[in-house]
Amino acid sequence: LGGPRIEMRTGRKDSKQSYLAEVENTIPNHNDSMQLVLSRFQSIGIDAQGTVALLGAHSVGRVHCVNLVHRLYPTVDPTLDPEHAEYLKRRCPTPDPDPKAVLYSRNDLQTPMVLDNNYYKNLLKHKGLLLVDQQLTSDPSTSPFVEKMAADNGYFHDQFARAIILLSENNPLTEDQGEIRKDCRYVNTE
């Protein structure tokens, strides 16, 4: 399905307990400032170029309305393309969506299930869904990488592969820490 080929150097190990708190302390939130996002990734050895590449994972999947309505209501964020905002309002028709409802918008309407550089092309057209996405184009330390990745899918794939390996090597579980899960969604019972 396209996208970079990534070879992991070690087997996967998962925590034996919830790692949600650890993730929340390391991985930035979609409403964080670009400086905080860059700082968090820098703390684990990922530079601005790698951060921009990792956010390219937003090329695949969707954003739940609850995470983007603040850019639509009560007034539309001026950094958002007005026509795209109208489309988003049709997908997310209320400023207070039910968090349990499956109301969402796709990040990439052209190739929603392919990891490609359409994400960056959309950002340059002011069609980023999350605040952190659109900030990539306005921050001087990230905007050159957005432009380069929008122009060159191979460059994006190379940088994504490099950054995802760095991310995977951050604080790995070793020896008797963690486990190889039989079902990745659940801690092993035995």
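Using a 4.5 Å heavy-atom cutoff, the side chains of Thr51 and Thr142 are not in contact. Residues Asp158 and Arg162 form no side-chain contact, since every pair of their non-hydrogen atoms from C-beta on lies 4.5 Å or further apart. Considering only heavy atoms from C-beta on, Leu72 comes within 4.5 Å of Leu80 through its side chain. A 4.5 Å side-chain heavy-atom check between Val60 and Pro112 finds every atom pair outside the cut-off. With contacts defined as side-chain heavy-atom distances shorter than 4.5 Å, the pair Leu136/Phe145 does not qualify. Looking at Tyr104 and Val63, their side chains never come closer than 4.5 Å, going by heavy atoms from C-beta outward. The shortest side-chain heavy-atom distance between Leu103 and Asp98 does not fall under the 4.5 Å cut-off. When side chains are defined from C-beta on, Leu38 counts as touching Ser141, because their heavy atoms get closer than 4.5 Å.
Among residues two or more places apart in sequence or in another chain, the side chain to side chain contact (heavy atoms under 4.5 Å, CB included) test is passed with Leu36 by Asp32, Ser33, Arg40. For Thr79, the side chain to side chain donor-acceptor pair (under 3.5 Å) criterion is met by Arg71, Asp77, not counting sequence neighbours. Scanning for side chain to side chain contact (heavy atoms under 4.5 Å, CB included) contacts around Glu83 gives Asp81, with sequence neighbours left out.
Each of Val66 and Leu129 belongs to its own hydrophobic cluster when Ile, Leu, Val, Met, Phe, Trp and Tyr are linked at side-chain heavy-atom distances under 4.5 angstrom. Leu123 and Met34 end up in the same hydrophobic cluster when Ile, Leu, Val, Met, Phe, Trp and Tyr side chains are linked at under 4.5 Å. Linking ILVMFWY residues whenever their side-chain heavy atoms come closer than 4.5 Å, directly or via other members, leaves Leu124 and Leu131 in distinct clusters. Linking Ile, Leu, Val, Met, Phe, Trp and Tyr residues whenever their side-chain heavy atoms come within less than 4.5 Å places Phe156 and Ile46 in a single cluster.
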| request: Begin from the C-alpha positions of Asp116 and Gln110 and carry the test side-chain hydrogen bond (donor to acceptor under 3.5 Å, both in side chains) through to its verdict. | output: CA-CA 10 Å; Asp116 61 16; Gln110 291 81 29; over 6 Å; no

| Does the side-chain hydrogen bond (donor to acceptor under 3.5 Å, both in side chains) test come out yes or no for Thr111 and Asn118, once each step is laid out? | CA-CA 7 Å; Thr111 56; Asn118 275 338; 3.0 Å; yes

| field | Stepwise side-chain contact (heavy atoms from CB on, under 4.5 Å) test for Val132 and Asn31 | value | CA-CA 6 Å; Val132 71; Asn31 287 321; over 6 Å; no

| field | Evaluation steps, side-chain contact (heavy atoms from CB on, under 4.5 Å), between Asn29 and Val37 | value | CA-CA 8 Å; Asn29 182 286; Val37 171; over 6 Å; no

| Pair Val76-Lys89, side-chain contact (heavy atoms from CB on, under 4.5 Å): steps then yes or no | CA-CA 10 Å; Val76 173; Lys89 281 185 169 185; 3.8 Å; yes

| said: Could you walk me through whether Ile164 and Phe160 satisfy the side-chain contact (heavy atoms from CB on, under 4.5 Å) test, starting with their C-alpha distance in whole Å, then the side-chain angles of each, then the deciding distance to 0.1 Å, before giving a yes or no? | reply: CA-CA 6 Å; Ile164 203 79; Phe160 184 84; 4.2 Å; yes

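A distance-only check finds a donor-acceptor pair linking the side chain of Asn153 to the backbone of Asn117 [under 3.5 Å]. Of the possible donor and acceptor atoms, none in the side chain of Asp133 sits under 3.5 Å from a partner among the backbone N and O of Gly128. For Asn107 (side chain) and His58 (main-chain N/O), a donor-acceptor pair under 3.5 Å exists by modelled atom type. Side chain of Tyr119 to backbone of Asp108: no donor-acceptor contact under 3.5 angstrom is found.
For Tyr87 and His84, the ring centers are positioned less than 6.0 Å apart.
Between Leu167 and Phe41, the shortest heavy-atom contact is CD1-CE2, 4.4 Å. Val69 and Pro95 make their closest contact through CG2-O, 3.5 Å (heavy atoms, listed as atom of the first residue, atom of the second, distance). Smallest separation of non-hydrogen atoms from Ser105 and Leu68: CB-CD2, 4.4 Å. The shortest heavy-atom contact between Leu54 and Ala163 is CG-CB, 3.6 Å.
Interatomic distance, OH of Tyr73 versus CG of Leu88, reported as 9.0 Å (0.5 Å rounding). Lys148 NZ to Ser143 OG: the interatomic distance, rounded to the nearest 0.5 Å, is 13.5 Å. With rounding to the nearest 0.5 Å, the separation of SG in Cys65 from CG in Asp96 is 12.0 Å. Put simply, CZ on Arg106 and CZ on Arg62 are 6.5 Å apart, with the number rounded to the nearest 0.5 Å.
In this structure, His30 and His70 have tilted ring planes: the angle between them lies in the 30° to 60° band.
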